[in-house]
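Just below is one structure, and these are the notes that go with it.
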Amino acid sequence: MPRIFGLADCNNFYVSCERVFDPTLKRRPVVVLSNNDGCIIARSEEAKALGIPMGAAFFEVRSLIRRHRVEVFSSNYALYGDMSQRVMESFAAFTPEVEVYSIDEAFLGLDGFSGRDIAAYCREIRAKIGQWVGLPISIGTAETKTLAKLAARLAKKSPGGVFDLSSSPLRRRLLAATEVGDVWGVGSRLARMLKANGVHSALDLHDAPDAWIRKRMAVTGLRTAMELRGVSCIDLERQPPPRQTTVVSRTFARPVERLDELGDAVSTFAARAAEKLRRERLVAGNVAVFITTGRFAGEERRYANGATIAFPGPTSHGGEIIRVALGGLERIYRPGYRYKKAGVMLLDLAAEDRQQPDLFAPPARERDRRVIKALDDINRNLGRGTIRYGWPGAGPGWRMQQRRLSPGYTTRWTDLPVARG
DNA sequence: TCTGGGGTCCTAGGACCC
DNA sequence: TCTGGGGTCCTAGGACCC
């Protein structure tokens, strides 16, 4: 029996959430802004029609917004998260197979309903979500997740907000009318490469030879092509896989220059990250801190750096995480720059109850890893080239390693930000 | 002046061990 | 000191997603 997947997608999710709490916003242009009110992250249909692009900097479209009296909201993630949860829980009334894919999307397993008119069933789901939660959604259905994503795009423009691609006699024609870059799994880089090679539509990719796809797009690309052909390669994931990393980072409203101010920010980020960890009963093995100057600084001197530090043992202890993160910050901070962004990332997450020390990691190897990590942090921010480094006492003579580093950058082992043992 | 935040996966290539 | 293959682990970098 062929699989049938549905993709349910909330329309203009953040804007729709705001409308639930203020119905006078209906049929008016509305946008929602990112943190610091920096740029546009959600638009109502009316706002899209005015030509306000997704991701536009707020200051760039300010006059347009004023002229057309667009309603503007700062984002309210607590509200959106709560609304999202209500929608996702509502889906469970219609199928036991629900994969929460993002804050505003879920894949639904609809196999069991093959005997029924699938589109009619989806219209029922849509009506009930509208009634129970007050949010408009669209649902696309097909034999694979990739096709269901395409179907959901078509559903947005269909009367009734539902589209079943599995039974559509127009399938080839619809694929031909879909830009290859609009296919799930084909981003801007691959789209450019594909177009340069004459693959313009989803149908072109569907028809391309496997060997060519494998060579140019790796296995993920091949999987995408197979999915376009109706062969399901990406299954539903009812339980989310365990989290591997968590990040708290922010762009500052104003440039920050002083170490103590950066320290305040980093402490806050570290504390939040630690909270996330404890909420999910996880522990972290490493913490990374990073700071950067602006991306749009023009002539200004740029600087970006990060440091990764291993905890003595896996931890979720807020105080410890803050302390270690601040230590990392001190290592990478350079005065005289205008910093625009900082962040703290917790790595190597594991379930709290299964933590055990790694009994098999010899100390020398641990040190080796830390040196390489420290160098890679430098490396990542400076570019390519080659350096050699080592330290005395590691066997006969110095142990030497090679790492790529930026041209023109030289260092001696004594320069390295590590303790010598 | 003002340009988001948080994730995952795949591959190539080096280190290391036998 | 050189030769060499096979396997594993690790990382950066590049790609993707919302």
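Throughout, a chain's letter reflects where its sequence line sits, starting with A, and its residues are numbered from 1.
- Residue contacts for V32(A): at a heavy-atom cut-off of 4.0 Å it reaches no nucleic acid atom on any strand shown.
- S75(A) comes within contact range of no nucleotide atom at all, as no heavy-atom separation falls under 4.0 Å.
- Pairing for dG13(C) goes to dC10(B), judged as Watson-Crick or G-U wobble with the two contacts each under 3.5 Å.
- Listed pair K145(A) / dC17(C) fails the phosphate criterion, with no side-chain N or O lying under 4.0 Å from OP1 or OP2.
- At the heavy-atom level, L190(A) lies under 4.0 Å from the strands shown only through sugar-phosphate atoms.
- Taking the six-membered ring for Trp, F5(A) and W184(A) have ring centres at least 6.0 Å apart.
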**OP:** For side chain to side chain contact (heavy atoms under 4.5 Å, CB included), just list the numbers for I332(A) and I291(A), CA-CA rounded to whole Å, side-chain angles, deciding distance to a tenth of an Å, and then say yes or no.
**Re:** CA-CA 8 Å; I332(A) 57 178; I291(A) 50 177; 3.8 Å; yes
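- The shortest distance between the side-chain N/O atoms of T220(A) and the OP1/OP2 oxygens of dA15(C) is not below 4.0 Å.
- For R243(A) and dT8(B), the shortest distance from a side-chain N or O to OP1 or OP2 is not below 4.0 Å.
- Taking the P atom of each, dC18(C) and dT3(B) are spaced 25 Å apart, rounded to whole Å.
- Checked for salt-bridge contact, E46(A) and R19(A) meet the test: a charged N lies under 4.0 Å from a carboxylate O.
- Counting non-hydrogen atoms under 4.0 angstrom, R214(A) reaches the backbone sugars and phosphates but no base.
- The residue D104(A) sits close only to the backbone: its heavy atoms come under 4.0 Å of sugar-phosphate atoms, none of a base.
- Listed nucleotides dC16(C), dC10(B), dC18(C) differ in distance to S188(A); the shortest reach to its side chain belongs to dC16(C).
- Nucleic acid contact class of R223(A) (heavy atoms, under 4.0 Å, all strands): sugar-phosphate only.
- Looking only at atom types and distance, the side chain of Q85(A) has no donor-acceptor partner in the side chain of Y80(A) under 3.5 Å away.
- Comparing atom distances between the I41(A) side chain and each of dC2(B), dT3(B), dG4(B) picks out dG4(B) as nearest.
- Taking the ring centroids of F91(A) and W132(A), they lie at or beyond the 6.0 Å cut-off.
- Side-chain N/O atoms of K149(A) include none lying less than 4.0 angstrom from OP1 or OP2 on dC16(C).
- Taking side-chain N and O atoms only, R189(A) has no distance below 4.0 Å to OP1 or OP2 of dC16(C).
- Neither OP1 nor OP2 of dG4(B) sits under 4.0 Å from any side-chain N or O of K341(A).
- Remark: S249(A) is in phosphate contact with dG6(B), judged by side-chain N or O atoms under 4.0 Å from OP1 or OP2.
- In this structure, T246(A) reaches the dG7(B) phosphate: one of its side-chain N or O atoms is under 4.0 Å from OP1 or OP2.
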